[in-house]
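Atoms within each ligand, like the ligands themselves, are counted from 1 in listed order.
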Amino acid sequence: MSEVRSAEAIKPSSGLATLVLDGFGTNVNMCFQCGRCAAGCPIAYAMDYAPAQLIHAIRLGMEEVVFNSKTMWLCAACETCTTRCPQEVDVAKVMDAAKILAVKRGFKPALGSIRAFHRAALSNIRRFGRMWEAGMIVSLKLRTGHYLKDADLGRKMLRKGKLKLLPSFTGSRRAGRIFSRVERAEKEESQPT
Ligand code: SF4
Ligand code: SF4
């Protein structure tokens, strides 16, 4: 007689799978490799490993493969994969977990421009309390040196009034407090117990 086993009954198969379960509450061992997540992912065409393959690599504890992958850095966090999974694996959260664990382990993102984008976006939000697109673009160009890339797109956005030339500082104090709290929590977490 067949038996349906719950997420609690299925133990993680590797140290990496355990880290994802303990730190992010998602049991990758529930995955039975149906591929529905990968089939629905709008970015899968650009990824080096489809979401289902990355999940499988985590199950096998293949840290080098997972942490050097481009997949999680390209993920747009749209959650289509999570919605489609018949086993209730939160695939989008696994993507976040892979990013966070990769950075904690000292792996550089496989795509340098994405690292620059994350840094530019976070410093922009911290300073202005919300995304100021024009400032974000300048900061990104300075970090990457790609000064003319997407210049036509920028001009079109300006013409349509989609780029504000001056920032608003609404919420900047609150954002600053949130960033400081997170930094303190991270420092505490990294202290030896
Ligand atoms: S949809 Fe769920 S069960 Fe299917 S491959 Fe993706 S994670 Fe695994
Ligand atoms: S959340 Fe990421 S991995 Fe999932 S479908 Fe969207 S882009 Fe693909």
Side-chain angles (χ1 to χ4, degrees), residues 1-122 124-125 130-131 133 136-137 140 143-144 146 149-150 153 157 162 178 182:
M1 194 171 77
S2 69
E3 182 195 355
V4 178
R5 292 196 288 159
S6 68
E8 293 75 34
I10 296 181
K11 299 272 181 279
S13 52
S14 66
L16 190 50
T18 305
L19 280 178
V20 173
L21 178 60
D22 292 349
F24 305 88
T26 302
N27 189 349
V28 290
N29 269 30
M30 288 301 288
C31 169
F32 54 26
Q33 287 292 301
C34 67
R36 279 178 62 90
C37 51
C41 173
I43 316 288
Y45 72 92
M47 293 170 169
D48 46 2
Y49 298 104
Q53 289 176 312
L54 201 78
I55 296 258
H56 198 53
I58 294 172
R59 292 175 64 178
L60 296 174
M62 298 168 74
E63 298 199 1
E64 294 281 328
V65 169
V66 173
F67 294 147
N68 284 315
S69 171
K70 294 178 190 166
T71 295
M72 63 277 197
W73 298 107
L74 288 169
C75 169
C78 67
E79 301 196 353
T80 306
C81 48
T82 301
T83 311
R84 286 171 65 93
C85 179
Q87 288 292 88
E88 299 185 353
V89 177
D90 191 342
V91 186
K93 194 178 268 183
V94 175
M95 295 292 156
D96 283 343
K99 277 187 272 199
I100 291 168
L101 292 172
V103 171
K104 278 191 176 169
R105 294 282 178 93
F107 283 78
K108 284 193 179 151
L111 296 160
S113 55
I114 289 188
R115 182 190 178 91
F117 178 86
H118 277 261
R119 290 198 165 160
L122 285 174
N124 187 292
I125 292 167
R130 63 181 63 193
M131 184 67 81
E133 286 84 358
M136 161 76 193
I137 291 168
L140 190 59
R143 285 165 198 267
T144 59
H146 300 149
K149 194 164 178 258
D150 301 323
L153 188 62
M157 288 176 75
K162 302 283 183 195
I178 292 170
V182 171

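For atom 6 (Fe) of ligand 2, the set of nearby N, O or S atoms under 2.8 Å includes one belonging to C78.
Atom 8 (Fe) of ligand 1 has C31 SG as its protein N, O or S neighbours under 2.8 Å.
For the pair G40 and ligand 2, no heavy-atom separation below 4.0 Å is found.
Protein heavy atom at the shortest distance from atom 2 (Fe) of ligand 2 is C75 SG, 2.4 Å. Of all protein heavy atoms, the one lying nearest to atom 1 (S) of ligand 2 is E79 N, 3.2 Å. For atom 8 (Fe) of ligand 2, the closest non-hydrogen atom of the protein is C41 SG, 2.3 Å. Shortest contact from atom 4 (Fe) of ligand 2 to any protein heavy atom: C81 SG, 2.2 Å. Scanning the protein for heavy atoms near atom 7 (S) of ligand 2, the closest one is A76 N, 3.3 Å.
Under a 4.0 Å criterion applied to the non-hydrogen atoms of I43, ligand 2 contributes the atoms 7 (S). If you number the atoms of ligand 2 from 1 as listed, the ones under 4.0 Å from a heavy atom of A77 come out as 1 (S), 2 (Fe).
Among all heavy-atom pairs drawn from P86 and R36, the shortest one is CD-CD, 4.0 Å.
Side-chain contact between L101 and F24: present, with at least one pair of heavy atoms (C-beta onward) separated by less than 4.5 Å.
Remark: side-chain polar atoms of D48 are paired, donor with acceptor, to backbone N or O of K70 under 3.5 angstrom. A donor-acceptor contact shorter than 3.5 Å links the side chain of S14 to the backbone of I58.
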Can you list the steps and then say if K162 with E133 is a salt bridge (Lys or Arg N to Asp or Glu O under 4.0 Å)? CA-CA 9 Å; K162 302 283 183 195; E133 286 84 358; over 6 Å; no
Kindly determine whether V28 and V91 satisfy side-chain contact (heavy atoms from CB on, under 4.5 Å), including the steps that lead there. CA-CA 8 Å; V28 290; V91 186; over 6 Å; no
Could you walk me through whether C31 and H56 pass the side-chain contact (heavy atoms from CB on, under 4.5 Å) check? CA-CA 8 Å; C31 169; H56 198 53; over 6 Å; no
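Between F67 and F107, the ring planes lie tilted relative to each other; the angle falls in the 30° to 60° range.
For A92, the side chain to side chain contact (heavy atoms under 4.5 Å, CB included) partners at least two apart in sequence or on another chain are E79, C81, T82, D90.
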